[in-house]
Amino acid sequence: MTTVAQEAGAPTGAAPPSDPGAAIVTSGLTKRFRGGQTAVDALDLTVPRGSVYGFLGPNGSGKTTTIRMLLGLITPTGGTCSLLGLPLALALPRVGALVEGPAFYPYLTGEANLRRFDAADPTASGATVRRRVGEALERVGLTAAAGKRYRNYSLGMRQRLAIAAALLGPRELLILDEPTNGLDPQGTREVRALVKEIAAGGTTVFVSSHLLAEVEQMCTHAAIMRTGRLVADGTIASLSGGLATRVSVETPDAADAARVLAALGLADVRSAAGAVTAELGGHAPERVNAALVGEGVAVRGLAVVRPSLEDVFVGLTGEGFDVDG
Amino acid sequence: MSTADTGTRTRRTPGLVPVTETLSTVERRPEEPSDRPAPLAPQAGRRAGAFWRLLVSELSLTFHRPRNLAMLAALATVPVIMGVSLRLFAGDDQVGGMIAAVAGNSLMLTFLALSALVLLMMPIAVSVVAGDALAGEAGGGTLRYLLAAPAGRTRLLAVKYLNAVVYAYAVTAVVALSALVTGLVLFPAGDVVLLSGTTVTMTDGLLRIALTVGYVGFALSAVAAVALAISAFTEVPIGAIAGTVVLIIACQVLRAIPALEAIAPYLLPTRFTGFDAVLRSPIDTGALTEGLLTFGAYIVMSLSIAWAHFTGKDVTS
Ligand SMILES: Nc1ncnc2c1ncn2[C@@H]1O[C@H](COP(=O)(O)OP(=O)(O)OP(=O)(O)O)[C@@H](O)[C@H]1O
Ligand SMILES: [Mg+2]
């Protein structure tokens, strides 16, 4: 259900705002800042329960602004949004959030910081806080640094602590604004694994990112924002389904390979120095390979290239992924 | 996305309550009737002790912060310095009035110390805590996480104010206690001669000190309300603190201008030293009440402004 947003106000999600099956529903959500800038423009979004929903967009496209509105930090200038189909005050205790990077008290330890934010949740129990804080720290691998002051945490440790804070209670929805910011490759992979694990437990995850590859690896659904507007949304499969899977052959005999591929009936054959690509269509890659070898083409490598979200994005906008003003 | 099992995952997921569904993606569970029972884990609603828990957290932050403790310590040393220097100069016969009264009785140092410190030093200490209350959280970014927790804006404001009031009383109590102990060590104990010339027992004198502490604490609570209101408008804690202090100093200046005598009773600092009414016999309850009413008016006004602004404010830090 890839939807290319038409003019402002065109609803892209079918569900009404009260859809109990949706974790997040926004309808015509708009934020115009006092300076006159429209950061989010008539956003219609439906995040199904149980999904891992990637919220993509270049810097300044309005991702954080949307998340702030969802959490009630800023008031929309137009439209509505709802979390878990509940009034905000009832929904928020069930929602773990990371908004625009970590923010903690520098003079407190990691553990004391988590206790502080837990105390602010009126539904959390003081009797179980020690256990819950311990578990949250363990999940993000911070147990060893629990007693260290936040001031002395590294960037990655801070980011992990923020994720731990989002996991303090039983959550039905996690809203993570660029959770892998500042993490090393190992940490990035761990966060991805953590998100998948959390999703496997039934929690809906709404994760913003400007890293297309990351979203592709983690998410079941995605929405793409551009200058405050929704450009496309849907399942990852449906988003990239519009583009064909291609086969890429690495060979010194490019011309021969191209001829063989065309003879096999593959469409859109493109050859470059040392490589030929074509739309795979319904052909089995091993048959393609066999045909190439049978015709005496020296095949050095053969790969099936599935369309990436980046291809989708570029295809939709025809532009690079630059900062939105 | 995944061809993984569609059954229950046995993977350990600490910290996550097992929610009724175990399917991880929507693809695995396409198109369900929308009237299915909400998959909400039964979760406790608002807990009874939640407000106190947040207040305790706030108090513990305030009273563990080295800066706040240092201000209390600094305030505690002032009466000691005053007492020692008065003791050193008490030999001179030229001194009179309040100073002679202090030298003559151990309790008088408390009144002297409070009337000296209440003019600026104690309000500054309270402004630091109350001015930092919201602006500090906003500036540090922790405000967004408190509100997302969700602390609740009105609840957070109430907690912040109560915390500042406790600190205001702590400031007053620390000064009074330090002065009282210093006085008892350095000067003769016994009946107290009041400013009106009447002599009262030491017990009576201690009661009057308790009254004074109540009055000064309330005065500082009014300062805290003003500082909190300013704090709601900014993300720069230093701005809120300095703003409050400048306001107090400006009032002190205005109060000193004879032509502006008419507005003096409505200025907060005019009432700060109103507790000298307890040093008369009988106690001038009229003056005390007027002072308390002024403080009350400032508190109501400032908190209303703070509430009106803070509950509708965009938190963009
Ligand atoms: N408080 C504010 N006042 C005015 N404009 C703002 C404010 N906050 C954000 N904006 C503007 O709104 C737009 C969207 O900002 P937002 O922070 O939502 O982007 P983003 O998608 O989260 O970007 P990034 O990927 O860099 O985090 C930007 O153009 C930004 O300049
Ligand atoms: Mg952002």
Side-chain angles (χ1 to χ4, degrees), chain A residues 19-21 48-52 68 71-75 84-85 88-89 92-95 97 99-101 103-108 115-126 132 135-136 138-139 165 167-172 196-203 219-221 235-237, chain B residues 1-2 4 9 11 13-29 32-36 38-41 43-47 49-51 53-54 56-58 60-61 64-66 140-152 155-156 312-317:
Chain A
D19 183 356
R49 276 184 195 265
S51 61
V52 179
R68 282 183 189 277
L71 296 173
L73 296 175
I74 61 181
T75 319
L84 304 169
L88 192 64
L92 283 180
R94 303 158 191 258
V95 177
V99 196
E100 202 150 67
F104 291 95
Y105 303 89
Y107 45 88
L108 293 184
R115 284 164 164 274
R116 162 71 170 165
F117 289 109
D118 192 69
D121 177 354
T123 65
S125 158
R132 288 182 294 111
E135 284 171 358
E138 198 196 321
R139 290 192 84 172
L167 297 176
L168 273 176
R171 308 296 194 200
E172 284 164 43
K196 282 185 179 164
E197 183 186 323
I198 290 163
T203 302
C219 301
T220 60
H221 292 64
T235 61
I236 297 285
Chain B
M1 180 96 211
S2 154
R9 288 262 187 128
R11 189 166 196 170
T13 54
L16 282 175
V17 154
V19 183
T20 47
E21 64 176 350
T22 51
L23 305 175
S24 77
T25 69
V26 168
E27 282 95 325
R28 294 176 204 168
R29 180 179 49 70
E32 269 187 50
S34 61
D35 63 350
R36 75 201 170 91
L40 308 181
Q43 196 166 8
R46 182 168 287 245
R47 283 171 194 272
F51 184 85
R53 192 167 167 232
L54 183 54
V56 166
S57 159
E58 192 67 39
S60 133
L61 269 193
H64 278 113
R65 225 174 143 174
T142 44
L143 183 59
R144 65 175 183 267
Y145 286 113
L146 287 177
L147 294 181
R155 205 169 69 108
L156 186 61
K313 175 184 176 168
D314 274 359
V315 175
T316 53
S317 61

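Values in this document were obtained by computation on a predicted structure and should not be read as measured data. For the numbers below, each heavy atom of this structure counts, side chains included, while hydrogens, waters and symmetry mates do not. In the text below, chain A, chain B and the rest are named by the order of the sequence lines, each starting its count at 1.
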Note to self: A side-chain contact here means heavy atoms from C-beta on lying under 4.5 Å apart; do L147(B) and L71(A) qualify?
What the structure shows: no

Checklist line | Closest approach of R49(A) to L84(A) (non-hydrogen atoms, all atoms of both residues) | finding: NH2-O, 3.4 Å

Checklist line | Engaged part of F104(A) at the chain B interface, taking heavy atoms whose separation is under 4.5 Å | finding: backbone

Checklist line | Heavy-atom pairs under 4.5 Å with chain A, option from G141(B), S60(B), P66(B), A151(B) with the top count | finding: A151(B)

Check: Does the pair I198(A) and R139(A) meet the rule for a side-chain contact (heavy atoms from CB on, under 4.5 Å), with working shown?
Finding: CA-CA 10 Å; I198(A) 290 163; R139(A) 290 192 84 172; 3.6 Å; yes

Margin query: Between A148(B), G312(B), P150(B), who has the most heavy-atom pairs with chain A when the cutoff is under 4.5 Å?
Written below: P150(B)

Margin query: Need one label for L88(A): side chain, backbone, both or neither, based on atoms under 4.5 Å from any heavy atom in chain B.
Written below: neither

Check: Among L143(B), V56(B), T316(B), which has the most heavy-atom pairs under 4.5 Å with chain A?
Finding: T316(B)

Margin query: Quick check for you: among A165(A), A97(A), G126(A), which has the greatest number of heavy-atom pairs under 4.5 Å with chain B?
Written below: G126(A)

Item checked: Heavy-atom pair of closest approach, residues R132(A) and L168(A) -> NH1-O, 3.3 Å

Check: Is there side-chain contact between R155(B) and L54(B), with heavy atoms separated by less than 4.5 Å?
Finding: yes

Margin query: Between V99(A) and R68(A), is there a side-chain heavy-atom distance shorter than 4.5 Å?
Written below: yes

Notebook entry, point to check: chain B heavy atoms under 4.5 Å from R116(A): which part of the residue, side chain, backbone, both or neither?
Noted result: both

